[in-house]
Amino acid sequence: MSKKVYIESYGCQMNFSDSEIVASVLVKDGYTPVKSAEEADLVLLNTCSIREKAEYTVLQRINEMNNLKARKKGLKVGVLGCMAERMREDLLEKKKVVDLVVGPDAYRTLPDLLSKVGTGQKAVNVLLSREETYGEIEPVRLDSNGVTAFVTIMRGCDNMCAFCVVPFTRGRERSRDPHTIVRECEQLVEQGYREVTLLGQNVDSYKWTSPQPLSRGEGLPSAGIVANGHSPSPVGGGREGAVDFADLLEMVALACPTLRIRYSTSHPKDMTDKVLVVMARYANICKYIHLPVQSGSSEVLKRMNRGYDRAWYLERMVSIRDHMPECAISTDIIAGFSGETEEDHQQTLSLMNEVVYDMAFMFKYSERPKTMAARKYADDVPEDVKGRRLAEIIETQKKKSAERMASYVGQIHEVLIEGVSKRSDENMYGRNTQNSVVILSRSFNGTELKPGTFVRTEIISSTAGSLFGTVIQVLNAEPVAA
Ligand code: 5AD
Ligand code: SF4
């Protein structure tokens, strides 16, 4: 009987994607993934450190594992991901329930570590790597809807934003070999997937250089594209051995013309017009950009070490809308960063009113150990002020989201159906290219609409969070080819 592993993921998309790499390593080692901790011989919590609250949630969950262990003799519990690196001593010394601690760059060593755990010892590997990209590992898709999938294109981050713990927990930035990325996307198409999200902490600094000079036809982007019978692109240029993010996007768009392509996350200081040109050119690249602004105040951005100011960010907005007027933009905003004044906060609200984001992820500042902000600045905005500012930011965004959603009413959108609506069995939900959720009736002309179907939809009404549409045509097989 094979051993059973249950992996529970917290935090960002990258962590969920990492869990699929972990599953792949463990399946090769004889494990079968299961859907609950109760069924498992091994429970792995893939954790997040981005804010204190995220860590607190996981610490609570670790405590719950004590009870489960009491009921299930032989159950082993491991902590993976960002907290592993940050809190290994605490975890191993204070949380007796934890048998195993493994950092984000050490997942290949899981089988060895697990044999150690099997002999009753504790095992730990939190070494960070400058090279590890898990390039050739074929992820085992967990909790998949069979329609959308994540593909990691790079790991780590070199940016050192003052508030952010990521460079400490995930290490230096490195890019994955583009050939393995394209291959993984092609495999997803073969398996029936319809949409992929290319993931990195800062995709705009994706850079891959061939270890040895490649001759034509050996697989670099333009060579590969010619071999596939497509014409080489004038956008790519300068591809003699180096692939940047725009090149990579184009490679995937051309290699997988029936696959919808998204990506996350962009960085305003690095986002180039070359990427926008590629996005505009290919219909199968979604017209949606997640571009975290963090603050509307140039003073705060400077202390955050973001590498751009308000004017630069607004210029990037203009460029996006020049290249793709229909493009949706979402953002991340932090309320109450060190030294943030009322005037700074007003600047954030005014930027939100100026940009009109489709969507935003909004947070209270949470000081993280080791970060530049923790070392240099006091966490001096009182908790109640942070709370009030966050509430104002959320309120502003609600109005702007409602405005954006309302502007789509009356338009015809191509929607990829992902599944049955959580609110009603009678409805399906999907997304348009702008990444907004669209609710549709489950049947069209007497036939049931299935996940993975592309439909032309008239948008008939909206709320701040979703759109409601009427299907006018089922498109499918050849959905969004350029
Ligand atoms: N406190 C609050 N929010 C944070 N983020 C990152 N670090 C912190 C922090 N210390 C937010 C940023 C980032 C998103 C992933 O999480 O907005 O873009
Ligand atoms: Fe953190 Fe900045 Fe890296 Fe994003 S880009 S993960 S905010 S350091």
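Just so it is clear, the values below take in all heavy atoms, side chains as well, and ignore hydrogens, waters and symmetry mates. Every number for a ligand or one of its atoms is a count from 1 in the order of the listing.
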Got Thr47 and Leu80 here, is their nearest side-chain heavy-atom distance under 4.5 Å? no

Just checking Glu52: does its CD atom have more than 12 heavy atoms from other residues, nucleotides or ligands closer to it than 6.0 angstrom? no

Atoms in ligand 1 flagged as close to Phe363, the criterion being non-hydrogen separation under 4.0 Å: 3 (N), 11 (C), 14 (C), 16 (O), 17 (O)

Begin with the C-alpha distance, continue with both residues' side-chain angles, and end with the deciding distance and a verdict on side chain to side chain contact (heavy atoms under 4.5 Å, CB included) for Tyr263 and Leu248. CA-CA 11 Å; Tyr263 64 85; Leu248 177 72; over 6 Å; no

At a 4.0 Å cut-off, with the gap strictly under it, does some heavy atom of Glu367 reach an atom of ligand 1? no

Min over Arg368, Arg51, Glu52 of heavy-atom distance to atom 11 (C) of ligand 1 lands on Arg51

Quick one: which residue pairs count as a ring-ring contact (aromatic ring centres under 6.0 Å, His included) with a foot in residues 336-358, not counting sequence neighbours? Phe337-Tyr365

Given Ile334, Asp379, Asp332, Val166, which has its nearest heavy atom closest to atom 18 (O) of ligand 1? Asp332

Check whether any N or O atom of Phe163, backbone or side chain, sits under 3.5 Å from an N or O atom of ligand 1, and answer yes or no. yes

For atom 12 (C) of ligand 1, which candidate among Gln294, Lys53, His290 provides the closest heavy atom? Gln294

Under the salt bridge (charged side-chain N to carboxylate O under 4.0 Å, His left out) test, residues paired with Glu342 that sit two or more places apart: Arg388, Arg389

Would you say the side-chain atoms of Ser330 and Tyr288 include a donor-acceptor pair closer than 3.5 Å? yes

Below 4.0 angstrom from a heavy atom of Lys364, which ligand 1 atoms are there? Numbered from 1 as shown, please. 1 (N), 2 (C)

